[in-house]
Asker: 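I'd like to ask you about the structure that follows.
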Amino acid sequence: MHEGHEQMFRQRFFVSTLLSVPVLLYSETLQEWLGFSVPTFPGSEWINPVFAVIVFAYGGVPFLRMAVPELKDRSPGMMTLISMAITVAFVYSLASVFFPTESAFFWELVTLIDIMLLGHWIEMRSVRRASSAVDELAKLMPDTAERLTDDGDTEEVPVSELSEGDRVLVRPGASVPADGVVEEGDSDVNESMVTGESKPVSKEPGNEVIGGTINGDGSLRIRVGATGEKTTLAGIMRLVEEAQQSKSQTQVLADRAAAWLFYVAVAAAGVTAIAWTIAVSFDATVIERVVTVLVIACPHALGLAIPLVVAINTSLAARNGMLVRDRIAMEEARKLDAIIFDKTGTLTEGEHGVVDIAAVDSVSEDEALALAAAVESDSEHMIARALREAAEERDLTVPSAADFEAIKGRGVRASVDGNEVYVGGPNLLTQLDSEIPERLQRFADEAGQNAQTVVYLVREGELVAAFAMADVVREESYRVVDALHDLGVEVAMLTGDSQDVANAVADQLGIDTVFAEVLPGDKDEKVQELQNQGKLVGMVGDGVNDAPALTRADVGVAIGSGTDVAVQSADVILVQNNPMDVVRLVKLSKASYRKMQENIVWAAGYNVFAIPLAAGVLAPIGILLSPAVGALLMSLSTVIVAFNAQLLRRVDLSLPEFRGVTPHTDAQTAD
């Protein structure tokens, strides 16, 4: 719609401006002011009225048409004001041709229409550019895909013909045609257009890919998991459209102010007409004052002030991996007093990792870890995965194990290089009646104080090593707590873990409030507990188990991997699984609201000064505005508001900008 209006206003502006040239050249007023003359000929006296009528019919009538819906809805606004101004000028000027008057408004009429067309062209161009987020997202999806046939060949088909379960080939540099899972190949995929994260993401068999992302240097064979409206990109597009169509509290206020301004303008025009008629009697001067008041009072800038900021804010958020479902929530984010984070999977990785190792003198840490990984090679338990991953990170050679056996409730046993090796917790030591060396006992006691789980390694009946296990805290979590504190926001954590475990994580991160041992169904009560203290509360969770709390919170933020875009309980969805985006959200909310305030102050404040000036309060000292100058000032205010809104694009949402944020280069851990 905006693109069509933009082209319409652009074309009519250039044609109307060209047709206005003869009117300006043959205007006696301008000739007298500028000291020039043009040749006259029989019939030249009709140049002004004829060309002015054409300009009014071609460039002015569209404003009259757009005023009709406003009048039908009984909600007069900017189009009604513009229509009143140009109609009054047109009727008076046309009457001057047939009835004796001191002057006509032909040159003021055409320049007024030209400037109005220019202002609307610039406005539509700004709105169209700001609202192009959905179009840009749509362009990410390729038109065709290379589908793999049963005999291994490829066939080029439209993306619309792909079905779930199809296998497609994605060549280096090509766009992924649909959501799916990598079955063959290794490559780095650029997901910045969806997640906002510029660093390419490594993909290998088993990893999920998002339709519309760009493949790197390797080839990938992908099993299609979702197509059409079910894809992540389609979900993002729906959310962006919903956000751009929704209204914030500030926008509702601006709309109300624009409606009232119409009545103020009409009243001011009436008072102006009466006052000037009393002062100088009814003549062209009175009409000129009335037209100028109606033109300069047009709430054009006020009507553009908020929608343009909203459109830019939404597209900027989408490009940074933040999908806004509720405009009011986005606006409220700037005022949050406290933000509650769900611990597991949000502040932590949600998976156990080896955080420390202790071994007896006869065994090195690497040797002990390799033995443990060998025993756990056939287990899918999270502790087993943590031991294997720790061995991989150290690039250790893991020996082969045989005769694997799981000991229920205690651990596992296997034969490694002819030795009987056990891995398990304290219950395993009780069963084996193993004596704990003093060094390992001190290690276990310290780990317990840090709420860490201890796993032991027993070889040939001798306890030789102990491993401290913990849920790994995200590196970003340290930064997000620091950054939110720097922004004056209290940070709380909510978890179903024990109080000791929760306190250990909170102490590491510097979290202000801890809610531990909370059942999923009771999480929303903890949100309400902070709200009852008079705080505006945000809740950050995975959007599934935390749905009641997300709904209860003043601002609910679902954090996920990009597949959570359909979460209905959240106000904002973070595509990338990164809690640091919450800081970006707060900062963008503050910056957007500041732009809204600046635009409201300019648009409304401009009218406070401009309307009395247009009415002629400074006439006694020789200052009078013509309708054309009034139109120029009105259009200038619109351009200023549009330009100021565009400055929102320059807001730096990069994380290092936040004062007090200290990056932690080494990953820290806690349970």
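Because the structure is predicted, anything quoted here is derived from the model rather than measured.
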Asker: Answer whether the closest heavy-atom distance between the side chains of S592 and L648 falls below 4.5 Å.
Answerer: yes
Asker: Should the pair E598-K595 be classified as a salt bridge under the 4.0 Å nitrogen-to-oxygen rule?
Answerer: yes
Asker: In the structure I gave you, are the side-chain heavy atoms of L484 and F341 within less than 4.5 Å of one another anywhere?
Answerer: yes
Asker: Taking atom types as modelled and ignoring hydrogens, do the side chains of R649 and Q646 form a donor-acceptor contact shorter than 3.5 angstrom?
Answerer: yes
Asker: Looking at side-chain heavy atoms only, is the closest gap between K523 and F515 below 4.5 Å?
Answerer: no
Asker: Run through V159, L220, V176, I222 and flag the one making a side-chain contact (heavy atoms from CB on, under 4.5 Å) with V168.
Answerer: I222
Asker: Quick one: pull up CG in L530 and CD1 in I340 and give me the separation to the nearest 0.5 Å.
Answerer: 4.5 Å
Asker: May I ask you to test the I339-V491 pair for a side-chain heavy-atom distance under 4.5 Å?
Answerer: no
Asker: Looking at every heavy atom in both L588 and A317, which two are closest together, and how far apart are they?
Answerer: CD2-CB, 3.7 Å
Asker: Please lay out, stage by stage, how L336 and E332 fare under the test side chain to side chain contact (heavy atoms under 4.5 Å, CB included).
Answerer: CA-CA 7 Å; L336 288 176; E332 291 290 294; 5.9 Å; no
Asker: What are the two closest non-hydrogen atoms of G510 and V481, and how far apart are they?
Answerer: O-CG1, 3.8 Å
Asker: What are the two closest non-hydrogen atoms of S477 and P579, and how far apart are they?
Answerer: OG-CG, 4.3 Å
Asker: Are D524 and M539 packed together at the side-chain level, in the sense that at least one heavy-atom pair is separated by less than 4.5 angstrom?
Answerer: no
Asker: Hey, does R584 have a side-chain heavy atom less than 4.5 Å from the side chain of K587?
Answerer: no
Asker: State, with a plain yes or no, whether a side-chain heavy atom of L494 is found less than 4.5 Å away from one of K526.
Answerer: yes
